[in-house]
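Sending over a structure as structure tokens; questions will come in a sec.
The chains referred to below are lettered A, B, ... by the order of the sequence lines, with proteins before strands, and numbering in each begins at 1. What you see is a predicted model; the values in this text were computed from it and never measured.
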Protein chains: 2
Amino acid sequence: MGQLLVKQKIRARAPAPTPKELLPLGQIIPGDCIEAMRTIPDASVDMVFADPPYNLQLGGDLSRPDGSHVDAVTNDWDKFSSFAVYDQFTRDWLTEARRVLKPEGSLWVIGSYHNIFRLGAIMQDMGFWILNDIVWRKANPMPNFKGTRFTNAHETLIWASMGEKSKYTFNYRAMKTLNDELQMRSDWVLPICNGAERLKKGGRKVHPTQKPEALLYRVMLATTNEGDVVLDPFFGTGTTGAVAKRLGREWIGCEREGDYREAALERIEMALPLDERALKTMQSKRTAPKVAFGTLIETGWIAPGTVLSDKKNRFRAVVRADGSLAADKVTGSIHGLGKELQGAPSCNGWTFWHLEHEGQVKPIDAIRQLYILATEP
Amino acid sequence: MGQLLVKQKIRARAPAPTPKELLPLGQIIPGDCIEAMRTIPDASVDMVFADPPYNLQLGGDLSRPDGSHVDAVTNDWDKFSSFAVYDQFTRDWLTEARRVLKPEGSLWVIGSYHNIFRLGAIMQDMGFWILNDIVWRKANPMPNFKGTRFTNAHETLIWASMGEKSKYTFNYRAMKTLNDELQMRSDWVLPICNGAERLKKGGRKVHPTQKPEALLYRVMLATTNEGDVVLDPFFGTGTTGAVAKRLGREWIGCEREGDYREAALERIEMALPLDERALKTMQSKRTAPKVAFGTLIETGWIAPGTVLSDKKNRFRAVVRADGSLAADKVTGSIHGLGKELQGAPSCNGWTFWHLEHEGQVKPIDAIRQLYILATEP
DNA sequence: TATCCAATTGAATCGCACT
DNA sequence: TAGTGCGATTCAATTGGAT
């Protein structure tokens, strides 16, 4: 309420806003996104959400350990000849985005380490004021098949206002409610887009990088109001449009590829306005914190070199730096070594292995419980 | 053992490495980090870990590697100049870091949304090749008291090699062990630095942004080997040094502030190195001593004439005296024949081929493991 | 009908040493 | 330096067929 009043006051002093009738609401403008955005009036849009090409620079083919082939992003639209070319492209579309945004609008971009640092730096150079960087922690990412790096399990979003002193919309209360009455954090755990939500045609995915609706849902619920105009310059198969419709926001898309436009329009046509049941599935599940044995080593709760033993003191093992255990001649994880030594079909290392703690012999699970208690919010 | 031999072979072809006696190991070089790094020889360091200042309103005490002075602009209204000064400072210290790093060394930086995008973009521009961006997801972050944004609950690290084709160290197996036998992901949940670990003097924290040892523990265990030299140009109160000492790595620090240097030295003095047994980690098969299939034939672990088959019993092959396999019409190595028969791009014969052993069907790799265990010193 | 198992798949900068 | 051969390497979710 108070927020609305403030907005009206400011608008009264600013130039008259563009009437919505002059905007291509609910339409996908075909062609290059920069050209397409030029058709939109200055200061007429409340939010821009952009999922630009990542400039992945992939090498040769990649196969899984089972020999199957990984379907990579090889589309032409993700090919740039150099960082300089990518940067110029980025500055060009960001310039148009800045022009069409209202002074109190905000900008979201999403990317991976291939492009997000360039995006963020250019945004700052252009005067955008970063409000948060958000980490989308994928619940089910693709593994690193060759064991050469850490599993690339997240993507990064940047949320920015038009400038340091600019106002912006943040629905704090809605976010806190969505997060079981805890402040919404800058890391969001959400599954990747698959199952029924993933658009397919003839058994093949229509778009290689379709984003999950849950991601856009949270973005829009947090930083726009009902009736706001959301522009997506890289519309793809229209996740932004579908979520905007469900949440009662207006949308405009730009998209070069006819196939994507067609799939998007059909999809948005079918999108249902929000019902409460759907909302519930969007809410973040408070997953019980999983604690690996290695975490207790890293955080100093159990020191490498500590000697563990089973309850009857038949077996002993030394904790090593990486969280593995070393017995006389065998090594392994807390579970694997326990199983091995006992010759049992399986073993829960958390209850099998004990150590002396405060004068008492306790299972290592007790240390894990203490750790969880100490670090829980 | 085998690994050491390989390393020496490579070094023999490269220019002679800097003898460790010429490096200021276990020392904190006082003064400006760029000046301090200049005292370190070219290509002498295995890893640089840097936690540079975040504040973009810098004081006027920055200098370039050539000694010229950087004229800092600190006015609020001139963010663009402020970014330019920060970028120049970043390029300057990264230039020195790049010079002292070995060709197969790697660079870690940590930052927040204020500076990480600039850091990452400049690293890419300088030729560093990003291997991962890592999200440190704070288990207990400070809430956003005003409720104006999302709770800032993470920081970002970037891990990079010297270039696209450069080799680098990644202890895949140790990370997988540390994470309960699942690949280590790019999002790390770790508590912030508090409690006994947080250095305090007169009830006040000594350093405003002391990093948790657990973070450095994982970084170093993952991407350095025992005895490697780690340089931290923004040493602060010495978390990098303390963890390096614990993990049997050498360290060099640079730090301007005398108070931090004093606190760091005292702290590292008290840190206990791990003993040899605890320091060991699980080896990946890639670095483990190699056992050829032929060795198992020669030593009688597998007899010539033994019939191998794949798990589903679709293919069968006979072991020949020289360690090759013979199928119906084709012959080849354990890998080549498996690849051939399946029509796959590649095949690991060790896991593909099975035989009956003690009443169970096991991959031939299991026999190799038994051999390694039995012949280990 | 419920359950289980096998197969498929997702924004991926994915090997190394020798000739 | 490009080519070749050895051999190391995957997690969670979904889908569809078999039990």
Side-chain angles (χ1 to χ4, degrees), chain A residues 51-75 77-80 83 110-116 136 138-156 191-198 200 203-205 207-212 236, chain B residues 6 9-10 13 124 128-133 160-161 163-165 167-168 170 172-173 176 179-186 283-288 290-294 311-312 323 332-339 345-353 364-365 368:
Chain A
D51 180 11
Y54 287 9
N55 189 20
L56 285 184
Q57 307 175 69
L58 301 179
D61 277 359
L62 180 65
S63 48
R64 298 184 170 81
D66 66 4
S68 66
H69 181 254
V70 175
D71 186 16
V73 178
T74 51
N75 308 61
W77 50 251
D78 196 44
K79 294 204 186 338
F80 296 84
F83 280 136
I110 180 168
S112 65
Y113 67 84
H114 309 84
N115 69 326
I116 197 68
W136 168 27
K138 299 182 185 182
N140 46 347
M142 187 169 6
N144 181 296
F145 296 117
K146 303 293 188 195
T148 55
R149 305 178 178 190
F150 298 99
T151 306
N152 203 356
H154 74 276
E155 294 188 24
T156 302
I192 59 176
C193 180
N194 60 8
E197 192 189 326
R198 186 94 197 193
K200 295 201 175 152
R204 298 163 55 94
K205 55 189 177 191
H207 194 285
T209 70
Q210 186 183 338
K211 296 292 176 287
Chain B
V6 171
K9 244 195 231 170
I10 287 164
R13 274 184 273 153
Q124 289 180 313
F128 286 106
W129 193 249
I130 298 181
L131 298 166
N132 279 115
D133 61 334
S161 67
E164 181 174 0
K165 308 288 181 194
K167 287 190 171 58
Y168 56 90
F170 181 55
Y172 175 75
R173 202 64 197 74
K176 193 168 173 177
N179 196 36
D180 282 357
E181 291 305 311
L182 286 180
Q183 284 191 339
M184 187 69 81
R185 300 167 37 117
S186 58
Q283 287 186 97
S284 75
K285 284 182 184 164
R286 204 176 289 148
T287 58
K290 277 185 186 140
V291 175
F293 184 63
K311 207 172 183 180
K312 295 177 198 160
S333 70
I334 53 171
H335 312 295
L337 188 64
K339 174 181 141 178
S346 70
C347 168
N348 181 350
W350 289 107
T351 51
F352 178 73
W353 293 107
I364 54 178
D365 192 47
R368 178 165 65 161

Check your understanding: Can you find a pair of side-chain heavy atoms, one from A/Met142 and one from A/Ile192, that are under 4.5 Å apart?
Key -> no

Review point. With nearest nucleotides of DNA chain C determined for A/Tyr113 and A/Pro141 from heavy-atom distances, which residue corresponds to the more 5′ nucleotide?
Key: A/Pro141

Point to revise | Watson-Crick or G-U wobble mate for C/dA11, both contacts under 3.5 Å | key: none

**Study point:** Atom of A/Tyr113, atom of A/Ile116 and distance for their closest heavy-atom approach
**Key:**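 For A/Tyr113 and A/Ile116, the tightest heavy-atom pair comes out as CA-CG2, 4.1 Å.
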
Review point. Between the side chains of B/His335 and B/Ser333, does any donor sit under 3.5 Å from an acceptor?
Key: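 On atom types as modelled, these side chains do not qualify, holding no pair under 3.5 Å.
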
Exercise for review: Kindly say if A/Lys146 contacts the phosphate of D/dG7, meaning a side-chain N or O under 4.0 Å from OP1 or OP2.
Suggested key: no

Review point. What's the NZ-C1' distance between B/Lys290 and C/dC16, to the nearest Å?
Key: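 Taking atom C1' of C/dC16 as the reference, NZ of B/Lys290 is at 8 Å.
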
Point to revise | Atom-pair distance (CZ on A/Phe150; P on C/dA12), nearest Å | key: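 About 18 Å, once rounded to whole Å.
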
Practice item. Measure from the side chain of A/Thr209, starting at C-beta and using heavy atoms only, and say which of C/dT13, D/dA13, C/dA11 lies closest. Key: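 Nucleotide nearest to A/Thr209's side chain: C/dA11.
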
Revision key, fill the gap. With the side chain defined as heavy atoms from C-beta on, A/Leu56 is closest, among D/dC6, C/dA11, C/dT13, to C/dA11

Check your understanding: Around A/Lys79, counting heavy atoms of other residues, nucleotides and ligands shown, do more than 12 lie under 6.0 Å from its NZ?
Key -> yes

Review point. When we call it a touch if two heavy atoms are under 4.0 Å apart, what does B/Leu131 touch: a base, just sugar-phosphate, or nothing?
Key: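 Answer is nothing: B/Leu131 stays at 4.0 Å or more from every strand.
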
Check your understanding: Quick one: which of C/dC14, C/dT9, C/dA11 gets closest to the side chain of A/Leu62?
Key ->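 Selected nucleotide: C/dC14.
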
Exercise for review: For A/Arg64 and D/dT9, give me the distance from atom CZ to atom P, rounded to whole Å.
Suggested key: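 For the pair A/Arg64 CZ and D/dT9 P, the rounded distance is 18 Å.
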
Practice item. Select base, sugar-phosphate, or nothing to describe what A/Gly111 touches, counting heavy atoms under 4.0 Å on all strands. Key: nothing

Point to revise | Chi class for C/dT13: syn within 90° of 0, otherwise anti | key: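 Base orientation: syn.
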
Exercise for review: Using a 4.5 Å cut-off on heavy atoms from C-beta on, say whether the side chain of B/Tyr172 contacts that of B/Gln183.
Suggested key: yes

**Study point:** Check: B/Arg173 and B/Thr287 side chains under 4.5 Å, non-hydrogen atoms
**Key:** no

Practice item. Respond yes when some side-chain nitrogen or oxygen of B/Tyr168 is under 4.0 Å from OP1 or OP2 of C/dT13, and no when none is. Key: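 It does not, given that no N or O in the side chain of B/Tyr168 lies less than 4.0 Å from OP1 or OP2 of C/dT13.
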
Practice item. Return yes if the base of C/dT13 and the side-chain atoms of A/Arg149 contain a donor-acceptor N/O pair under 3.5 Å, otherwise no. Key: yes

Exercise for review: Could you please name the option among D/dG7, D/dA13, C/dT13 that lies closest to any side-chain atom of A/Asn194?
Suggested key: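 Minimum distance to the A/Asn194 side chain belongs to D/dA13.
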
**Study point:** Atom-to-atom span, NZ of A/Lys200 to P of C/dT9 - whole angstrom
**Key:**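 Whole-Å distance recorded here is 8 Å.
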
Exercise for review: Using only side-chain N and O atoms of A/Asn152, determine if any of them is under 4.0 Å from OP1 or OP2 of C/dT13.
Suggested key: yes

Practice item. Check every atom of D/dC6, C/dG10, C/dA12 against the side chain of A/Ala72 and return the nucleotide holding the closest atom. Key: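 Ranking D/dC6, C/dG10, C/dA12 by closest atom to the A/Ala72 side chain puts C/dA12 first.
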
**Study point:** Spacing between B/Lys285 atom NZ and C/dC16 atom C1', to the nearest angstrom
**Key:**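 Interatomic distance, NZ of B/Lys285 to C1' of C/dC16: 17 Å.
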
Review point. Of the nucleotides D/dA8, C/dC14, C/dA11, which one has an atom closest to the side chain of A/Lys211?
Key: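 In terms of side-chain proximity for A/Lys211, the closest of D/dA8, C/dC14, C/dA11 is C/dA11.
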
Exercise for review: Any strand is fair game: report the nucleotide pairing with D/dT9 by Watson-Crick or G-U wobble, both distances under 3.5 Å, or none.
Suggested key: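 Across any shown strand, D/dT9 pairs with none.
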
Point to revise | Sugar-phosphate, base or nothing in reach of A/Pro52, heavy atoms under 4.0 Å | key: base

Check your understanding: Is a side-chain donor or acceptor of A/Asn152 paired with a backbone partner of B/Ser186 at a separation under 3.5 angstrom?
Key ->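 Absent.
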
Review point. Quick one: is C/dG15 close enough that its OP1 or OP2 comes under 4.0 Å of any side-chain N or O from B/Lys167?
Key: no

Check your understanding: Base, sugar-phosphate, or nothing for A/Asp51, non-hydrogen atoms under 4.0 angstrom?
Key -> base

Exercise for review: Take the protein atom CZ of B/Arg286 and the nucleotide atom P of D/dC6, then report the distance between them rounded to whole Å.
Suggested key: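 Nearest whole value for this atom pair: 18 Å.
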
Exercise for review: Please confirm whether any donor atom in the side chain of A/Lys138 sits under 3.5 Å from an acceptor in the base of C/dA11, or the reverse.
Suggested key: no

Practice item. Quote, to the nearest angstrom, the C1' distance that separates D/dT10 from C/dT9. Key: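 Between the two C1' atoms, the distance is 12 Å.
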
Review point. Taking the six-membered ring for Trp, are A/Trp77 and A/His207 parallel (under 30°), tilted (30 to 60°) or perpendicular (over 60°)?
Key: parallel

Check your understanding: In whole Å, what separates the C1' atom of C/dT13 from that of D/dA13?
Key ->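 It works out to 25 Å between them.
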
**Study point:** Partner nucleotide of D/dT15 by Watson-Crick or wobble geometry (both distances under 3.5 Å)
**Key:**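 Pairing partner, where one exists within any strand: C/dA6.
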
**Study point:** Listed partners of A/Asp78 passing salt bridge (Lys or Arg N to Asp or Glu O under 4.0 Å), at least two apart
**Key:**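 Partners of A/Asp78 under the salt bridge (Lys or Arg N to Asp or Glu O under 4.0 Å) test: none.
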
Point to revise | Gap between atoms OH and P, on B/Tyr172 and C/dC16 respectively (whole Å) | key: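 These atoms are roughly 14 Å apart.
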
Check your understanding: With a 4.0 Å cut-off on heavy atoms, is B/Ser346 in touch with a base, just the backbone sugar-phosphate, or nothing at all?
Key ->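 Result for B/Ser346 = base.
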
**Study point:** Which nucleotide in D/dT10, C/dA11, D/dA13 has an atom nearest any side-chain atom of A/Val73
**Key:**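 Out of D/dT10, C/dA11, D/dA13, the nucleotide with an atom closest to A/Val73's side chain is C/dA11.
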
Exercise for review: Tell which nucleotide pairs with D/dT4, taking only Watson-Crick or G-U wobble pairs whose two distances are both under 3.5 angstrom.
Suggested key: C/dA17

Check your understanding: Do any side-chain nitrogens or oxygens of B/Arg368 fall under 4.0 Å of OP1 or OP2 in D/dA8?
Key -> yes

Practice item. For B/Ala292, answer base if it contacts any base atom (sugar-phosphate contacts may also be present), sugar-phosphate if it contacts only those atoms, and nothing otherwise; contact means non-hydrogen atoms under 4.0 Å. Key: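 Here B/Ala292 touches no strand at all.
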
Review point. Quick one: which of C/dT13, D/dT14, C/dA11 gets closest to the side chain of A/Tyr54?
Key: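 My answer, after comparing the listed nucleotides, is C/dA11.
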
Point to revise | Whole-angstrom distance between C/dC18 and D/dA8, as gauged at atom P | key: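 Looking at atom P only, C/dC18 and D/dA8 are 15 Å apart.
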
Point to revise | Earlier contact from the 5' end, DNA chain D, for A/Asp66 and A/Gly195 | key: A/Asp66

Check your understanding: Which residue lies toward the 5' end of DNA chain D, B/Leu182 or B/Lys339, if each is placed at its nearest nucleotide?
Key ->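 The residue whose closest nucleotide sits nearer the 5' end is B/Lys339.
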
Point to revise | C/dC14 versus D/dG7 - spacing of their C1' atoms, nearest Å | key: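 Approximately 15 Å lies between the C1' atom of C/dC14 and that of D/dG7.
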
Check your understanding: How close or far is atom P of C/dA11 from atom CH2 of A/Trp136, stated in whole angstroms?
Key ->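 Checked: the CH2 to P distance equals 7 Å.
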
Point to revise | Stacking check A/Phe145 vs C/dC14 (5.5 Å / 30 deg) | key: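 No; centroid distance or tilt outside limits.
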
Point to revise | Given C/dA12, D/dA13, D/dA8, the nucleotide with the shortest approach to the side chain of A/Met142 | key: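 Ranking C/dA12, D/dA13, D/dA8 by closest atom to the A/Met142 side chain puts C/dA12 first.
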
